[in-house]
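We name chains A, B, ... by the order of the sequence lines, and we start the count at 1 in each one.
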Amino acid sequence: MTLARQIDFSNAADVTPSDGDYETVRSVIETLTLEYQDQPSLEQLAARLDLSPTQLQKTFTRWAGLSPKAFLQAVTLDHAKRLLGREELPLLETSLELGLSGPGRLHDLFVTHEAMSPGEWKAKGAGLTIRYGYHASPFGQALVMITDRGLAGLAFADAGEEKACFEDMARRWPAANFVEDRSSTEPYADRIFNPSQWSCEQPLRVVMIGSDFQIRVWQSLMKIPMGRAVTYSDIANDIGQPTASRAVGAAVGRNPISFVVPCHRALGKSGALTGYHWGLTRKRAMLGWEAGQV
DNA sequence: GGAATCATGTGAT
DNA sequence: ATCACATGATTCC
């Protein structure tokens, strides 16, 4: 069973599922954004990947729920600015009082989150057992990390980079004890990347391990609904430190639970995608993919 | 308009 | 102390 198949629950019936979708899609997005000036045609893109134009069209649409053309539109500056939603203040203000560990509806994937105490954070994960495993996802190989209190980390790796990806994550909690255990991380992966399983009856448990400042930033990110976006300075305002937008950027960048904590919905004030720890292409992919999940 | 420049908070070394 | 940042506003051409 492939994740690509699970995700496209709307019209999966007439397509052949394939695990390699993200590779294809990634390459198309990269080309499209790198060379958008020469507007490469579907034929040209397909030729480079050794696919027929119709194959490519189908693969892409199955993945995103959006044709390549519509996708491109969904990740332009223009569209990003719309996502930012001029002057409709409530976005972040509304759900301000969530508290640290109360359950709540945080973006469209229902999660409860709790934060590690400052002491636990300072211990750098000492005494903590973290189980991890790799799973296929719409955005490449996903590295899932869990503790007995819930999901603690989610990272992405392109083929061959799994090792580096793991080390990147493990560095964050150097004193923790890591155990590979694919079977216990699998349910999390299933759950996260399958929108039809997003429900509040059994919320996804998430545990945030980070400094006080980082946790405030991440909680703020959780309030951004799917299909919307905010700027780094919006977040700075939300946490009551309006001049700290740059620090916010740094904290967003260190978010260990990418996608679930929707750090890809933070944009520069101009609407430009300014950066992403796991690659700008992936940030575009996530934004476009979400645009197709309506 | 766009490049260069500065003020800026946080966390790692 | 110092430094690198997924920023943003200002100030020059």
Tell me, please, which residues at least two apart from [X] pass side-chain contact (heavy atoms from CB on, under 4.5 Å).
X       : answer
D78(A)  : T76(A), R82(A)
T31(A)  : S27(A), E35(A), L45(A), R48(A)
R254(A) : R172(A), Q214(A)

> Does the pair D181(A) and S184(A) meet the rule for a side chain to side chain donor-acceptor pair (under 3.5 Å), with working shown?
Replying inline: CA-CA 6 Å; D181(A) 183 0; S184(A) 29; 2.4 Å; yes
> Between which nucleotides of DNA chain C, 5' to 3', does chain A make heavy-atom contacts below 4.0 Å?
Replying inline: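 Result: dC5(C) to dA9(C).
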Pull out every protein N or O sitting under 3.5 Å from an N or O of nucleotides 11-13 of chain B, one pair per line with the distance.
unit_1  : atom_1 : unit_2  : atom_2 : d
dG11(B) : OP1    : S211(A) : OG     : 2.1

> Are D238(A) and R216(A) ion-paired here, with the side-chain N under 4.0 Å from a carboxylate O?
Replying inline: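 No, this pair does not count.
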> Taking NZ, NE, NH1 and NH2 as the nitrogens, is one of them in R265(A) or E290(A) under 4.0 Å from a carboxylate oxygen of the other?
Replying inline: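 Yes, R265(A) and E290(A) are salt-bridged.
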> Under the 3.5 angstrom rule, does the side chain of R205(A) hit a backbone N or O of T112(A) as a donor-acceptor pair?
Replying inline: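 Between the backbone of T112(A) and the side chain of R205(A) there is no qualifying donor-acceptor contact (under 3.5 Å).
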>> If you take any heavy atom closer than 4.0 Å to DNA chain B, which residues from residues 240-249 of chain A end up in contact?
In response: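 Output list: Q241(A), T243(A), A244(A), R246(A), A247(A).
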>> Among residues at least two apart in sequence or on other chains, which ones pass ring-ring contact (aromatic ring centres under 6.0 Å, His included) with Y232(A)?
In response: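 So Y232(A) forms no ring-ring contact (aromatic ring centres under 6.0 Å, His included) with any residue.
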> How would you list, by chain and number, every residue that makes a ring-ring contact (aromatic ring centres under 6.0 Å, His included) with Y134(A), sequence neighbours excluded?
Replying inline: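 For Y134(A) there are no ring-ring contact (aromatic ring centres under 6.0 Å, His included) partners, ignoring immediate neighbours.
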>> In this structure, which stretches of DNA chain B are paired as stems of three or more consecutive Watson-Crick or G-U pairs, both distances less than 3.5 Å?
In response: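 As far as DNA chain B goes, consecutive pairing (with distances under 3.5 Å) yields the stems B:1-7 with C:7-13, B:9-13 with C:1-5.
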> Which residues satisfy the salt bridge (charged side-chain N to carboxylate O under 4.0 Å, His left out) test with E167(A), sequence neighbours excluded?
Replying inline: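 Salt bridge (charged side-chain N to carboxylate O under 4.0 Å, His left out) list for E167(A), sorted by chain: K163(A).
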>> Would you call the rings of H264(A) and F259(A) parallel, tilted or perpendicular, taking 30° and 60° as the class edges?
In response: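 H264(A) vs F259(A) ring planes: parallel.
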> Where does the angle between the aromatic ring planes of F139(A) and W289(A) fall among parallel (under 30°), tilted (30 to 60°) and perpendicular (over 60°)?
Replying inline: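 F139(A) and W289(A): perpendicular rings.
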Please write out each protein N/O paired with an N/O of nucleotides 1-5 of chain B under 3.5 Å, distance rounded to 0.1 Å.
none

>> Show every salt bridge (Lys or Arg N to Asp or Glu O under 4.0 Å) that has at least one partner inside residues 140-149 of chain A, sequence neighbours left out.
In response: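 Applying salt bridge (Lys or Arg N to Asp or Glu O under 4.0 Å) to every pair that reaches into residues 140-149 of chain A, excluding sequence neighbours, yields E114(A)-R149(A), E120(A)-R149(A).
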>> Less than 3.5 Å apart, any donor N or O on the side chain of H277(A) or S258(A) sitting next to an acceptor on the other?
In response: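 No.
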>> Between T231(A) and D234(A), is there a side-chain donor-acceptor contact under 3.5 Å, judged purely by atom types and distance?
In response: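 A donor-acceptor contact under 3.5 Å links the two side chains.
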